[in-house]
Amino acid sequence: MTSLKTIRIQTHKKVFFASDFHLGAPDYQSSLQREKKIVQWLDSIKHETDLIFLIGDIFDFWFEYKFAIPKGFIRFQGKLAELRDMGIQIVFFVGNHDMWMFDYFTKELGIPIYRHPQVWEINQNKLLIAHGDGLGPGDHRYKILKKIFRNQLCQWLFARLHPNLGVGLGSYLSRSTRAKKMKHRKFERFRGDQEWLIQFCKSMESRQHHDFYIFGHRHLPLDIPINSQSRYINTGEWIEACTYAYLQGNQINLVKFEESI
């Protein structure tokens with residue numbers, strides 16, 4: 001956890017939060033249609049906001065080579081460039097599918113990349129924000145894998161693979177993992193108080209108060225009270241639900257994007 005970041009937003013503006021676009025999955029055509037929908041959403045909110053949080057698994061797989069990035073997603077990246085040129089701040093948290101983002105978005109688009117939970121104070125609302133993977137108790141196997149994947153030596157070794165092989169292999173493994181989860185429908189099942197992120201929120205709240213805990217990762221749009229003064233918001237996903245959250249004043253709303261014809 002890093003130091004508190006304080007920001008003031010105009011009272012008539014909203015702060016938006018979205019995650020789990022999984023661009024690239026499960027195939028080119030499906031991803032392209034989803035990308036166009038996401039671009040339409042970003043276009044629809046650009047006059048309402050000064051700040052957008054993209055909180056992980058924006059891409060189903062991403063690895064930045066020194067002189068190459070994964071092919072595709074140009075409409076999405078172009079829209080982000082447009083929003084940045086308008087003066088809209090965009091903050092990017094990596095997830096478990098796109099943790100191998102490095103400095104491309106920061107250099108090309110002026111978008112900071114975060115890998116760990118961050119605390120923001122926005123108009124006197126204190127928010128703890130992260131993708132959500134590896135937080136709370138349990139999930140020990142993934143926590144070990146996460147340390148391996150974030151190891152600089154492992155990243156250096158993967159970068160020795162030709163991009164055709166590296167990106168192809170990474171995308172295949174990502175799709176395979178998703179297919180297994182979807183087959184058994186285990187990941188999307190709500191576990192009540194056994195949810196690791198709920199337990200994480202309660203543990204954090206017992207030590208330090210936050211008005212909102214905002215995560216993605218679980219693919220479930222959730223708005224759950226942690227206590228009388230604190231709430232856990234999960235932004236859901238865009239493969240099926242197309243949900244996002246926005247902060248206006250002291251209230252966070254969780255809504256579904258309805259594509260215009």
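Computed from a predicted structure; not experimentally measured. FYI, side chains are in, hydrogens and waters are out, and symmetry mates aren't considered; it's all heavy atoms of this structure.
- The aromatic rings of Trp120 and Phe53 stand perpendicular to each other, their planes meeting at an angle above 60°, with 30° marking the opposite boundary.
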Checking Trp196 against Tyr142 for the ring pair (Phe, Tyr, Trp, His ring centres under 6.0 Å) test, could you report, in this order, the C-alpha distance in whole Å, the side-chain angles of both residues, the deciding distance, and whether it holds? CA-CA 13 Å; Trp196 292 328; Tyr142 169 70; 9.6 Å; no
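- Counting only heavy atoms from C-beta outward, the side chains of Phe73 and Phe21 never approach each other to under 4.5 Å.
- Nearest approach of Glu205 to His210, heavy atoms of both residues: OE1-N, 3.0 Å.
- Within the 3.5 Å criterion, the main-chain N or O of Ala18 finds no donor-acceptor partner in the side chain of Thr235.
- Side chain of Asn234 to main chain of Gly216: a donor-acceptor pair is present (N/O by atom type, distance under 3.5 Å, no hydrogens or angles).
- Leu42 pairs with exactly one of Ile52, Ile88, Ile90 by the side chain to side chain contact (heavy atoms under 4.5 Å, CB included) rule, that one being Ile52.
- The shortest distance between side-chain heavy atoms of Thr243 and Glu237 does not fall below 4.5 Å.
- At least one donor-acceptor pair closer than 3.5 Å links the side chain of Lys13 to the backbone N or O of His47.
- For Tyr104 and Phe102, the distance between ring centers is not under 6.0 angstrom.
- With a 4.5 Å cut-off on side-chain heavy atoms, Asp211 and Leu127 do not count as touching.
- If you check the side chains of Ser230 and Asn227, you find no donor sitting under 3.5 Å from an acceptor.
- Smallest separation of non-hydrogen atoms from Leu254 and Asp223: CD2-N, 4.3 Å.
- Here Tyr213 and Tyr232 keep their ring centres 6.0 angstrom or further from each other.
- Of all heavy-atom pairs spanning Ala159 and Tyr65, the tightest one is O-CE2, 3.4 Å.
- Distance CD1/Ile45 to OH/Tyr244: 7.0 Å, rounded to 0.5 Å.
- To the nearest 0.5 Å, atoms NE2 (His97) and CG (Leu23) are separated by 12.5 Å.
- Listed here is the closest heavy atom pair of Phe76 and Glu35: N-OE2, 2.9 Å.
- Side-chain atoms of Asp50 and Gln10 form a donor-acceptor pair, as typed in the model, at a separation below 3.5 Å.
- One distance of note links CG of Leu54 with CD1 of Ile111; it measures 7.0 Å at 0.5 Å rounding.
- Listed for the Gln199 side chain is a donor-acceptor partner under 3.5 Å among the backbone atoms of Gln194.
- Put simply, CD on Gln118 and CG on Leu128 are 8.5 Å apart, with the number rounded to the nearest 0.5 Å.
- Here the side chain of Arg84 pairs no donor or acceptor atom with the backbone of Lys79 at under 3.5 angstrom.
- In this structure a side-chain-to-backbone donor-acceptor pair under 3.5 Å is present from Asp27 to Ser30.
- With contacts defined as side-chain heavy-atom distances shorter than 4.5 Å, the pair Phe17/Ile129 qualifies.
- Here the CD atom belonging to Glu64 is positioned 10.5 Å from the CD atom belonging to Gln155, to the nearest 0.5 angstrom.
- Of the options Ile69, Ile113, Ile58, a side chain to side chain contact (heavy atoms under 4.5 Å, CB included) to Phe105 is made by Ile113 and by none of the others.
- Residue Arg115 comes nearest to Met99 through the heavy atom pair NH1-O, 2.9 Å, listed as atom of the first residue, atom of the second, then distance.
- For the atom pair NE2 of His131 and CZ of Arg218, the computed distance is 11.0 Å after rounding to the nearest 0.5 Å.
- For the pair Asp57 (side chain) and Asn96 (backbone), a donor-acceptor distance under 3.5 Å is present.
- With no hydrogens or angles considered, no side-chain donor-acceptor pair links His217 and Asp133 at under 3.5 Å.
- A side-chain donor from one of Arg207 and Ser203 sits under 3.5 Å from a side-chain acceptor of the other.
- Taking 4.5 Å as the limit, every side-chain heavy atom of Cys242 sits out of range of all side-chain heavy atoms of Trp41.
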